[in-house]
Amino acid sequence: MDGGCRCGRVRFRVSGAPLITMACHCTGCQKMSASAFSLSSLYASDAFEVTEGEAVIGGLHGQPRHFFCAYCMTWMFTRPEEGGFVNVRATLFDDTGGYAPFMETFTLEKLPWATTGAAHSFERFPEPKDYPPMLKAFAER
């Protein structure tokens, strides 16, 4: 699947299915997306490539590393601290028709009216031990 920023200067491609799809309600995502939550799809790093242009680090410039288009400032993807993964903003894919978040995180900071339809909810980020069963359930759906 291909996608890109709002202005089209940065394009990317992912191969294969996402490992999981998510909505994050944390106040950081609310502020960075100017919305009630951010939507993303998690991929292994080797399944993701920037095919045109160059994304630059933005946000707080620490961990995790958030990447943006330098021209239109679209928040495009995040590389988590754990490494080996890329969290792609799901609404940037050229075809978003089949997207739905499987899990939602940081419901503790969720705006009261915001709903996602996610099958699994966590008050914060899941514990590392919770991810393998979540990834397995997502793959089997």
Q: Counting only N and O atoms by type, is there a donor-acceptor contact under 3.5 Å from the side chain of T51 to the main-chain atoms of R13?
A: no
Q: Any heavy-atom pair between the side chains of F102 and R141 that's under 4.5 Å?
A: yes
Q: Measure the shortest side-chain to side-chain distance between F125 and M22 over non-hydrogen atoms and say whether it is less than 4.5 angstrom.
A: no
Q: Less than 4.5 Å apart, any side-chain heavy atom of M76 and any of V88?
A: no
Q: Got a second to check how far C24's SG is from Q30's CD, nearest 0.5 Å?
A: 8.5 Å
Q: Looking at C69, is its backbone amide N or carbonyl O close enough to the side chain of T74 to form a donor-acceptor pair, meaning the two atoms are under 3.5 Å apart?
A: no
Q: Looking at every heavy atom in both G53 and V50, which two are closest together, and how far apart are they?
A: O-CG1, 3.6 Å
Q: Where do S41 and T21 come nearest, in terms of heavy atoms and distance?
A: OG-CG2, 3.7 Å
Q: If every non-hydrogen atom of S40 is compared with every non-hydrogen atom of N87, which pair is closest and at what distance?
A: OG-OD1, 2.9 Å
Q: With side chain to side chain contact (heavy atoms under 4.5 Å, CB included) as the criterion, how do D2 and R11 come out once you've worked through the C-alpha distance, each side chain's angles and the decisive distance to 0.1 Å?
A: CA-CA 7 Å; D2 294 315; R11 300 282 300 161; 3.7 Å; yes
Q: What's the verdict on side chain to side chain contact (heavy atoms under 4.5 Å, CB included) for R6 and L92, showing C-alpha distance, side-chain angles and the deciding distance?
A: CA-CA 8 Å; R6 185 173 183 191; L92 299 182; over 6 Å; no
Q: Between R79 and F48, is the side chain to side chain contact (heavy atoms under 4.5 Å, CB included) condition met? List the steps.
A: CA-CA 11 Å; R79 293 193 183 271; F48 173 84; 3.7 Å; yes
Q: Please, which pairs that meet side-chain hydrogen bond (donor to acceptor under 3.5 Å, both in side chains) have at least one residue in residues 100-114, sequence neighbours excluded?
A: H25-E104, T27-E109, E104-T116, E104-S121
Q: Cluster partners of L39, using ILVMFWY side-chain heavy atoms under 4.5 angstrom, listed by chain and number?
A: F37, Y99
Q: Taking the side chain from S45 and the backbone from F85, do they hold a donor-acceptor pair closer than 3.5 Å?
A: yes
Q: Of the non-hydrogen atoms in C29 and S33, which two are nearest, and what is the gap between them?
A: O-OG, 2.7 Å
Q: Considering only heavy atoms from C-beta outward, does the side chain of K136 approach that of Y131 to under 4.5 Å?
A: no
Q: Is it possible for you to say whether F77 and M1 belong to one hydrophobic cluster, with membership spreading through side-chain heavy-atom contacts below 4.5 Å?
A: yes
Q: Write down the atom of G16, the atom of Y43, and the distance for their closest heavy-atom approach.
A: O-CE2, 3.5 Å
Q: In terms of relative ring orientation, are H66 and W75 parallel, tilted or perpendicular, with 30° and 60° separating the classes?
A: perpendicular
Q: Do H120 and F138 come within less than 4.5 Å of each other through their side chains, counting heavy atoms only?
A: no
Q: Are M103 and L42 connected, step by step, through hydrophobic side chains (Ile, Leu, Val, Met, Phe, Trp, Tyr) whose heavy atoms are closer than 4.5 Å?
A: yes
Q: So do the side chains of F67 and I57 get within less than 4.5 Å of each other, counting heavy atoms only?
A: yes
Q: So, for F93 and F12, is the gap between ring centers shorter than 6.0 Å?
A: yes
Q: Give the C-alpha distance, both sets of side-chain angles, the deciding distance and a yes or no for side chain to side chain contact (heavy atoms under 4.5 Å, CB included) between E52 and V10.
A: CA-CA 5 Å; E52 286 182 42; V10 180; over 6 Å; no
Q: Does any donor atom in the side chain of T78 or R89 lie under 3.5 Å from an acceptor atom in the other side chain?
A: yes
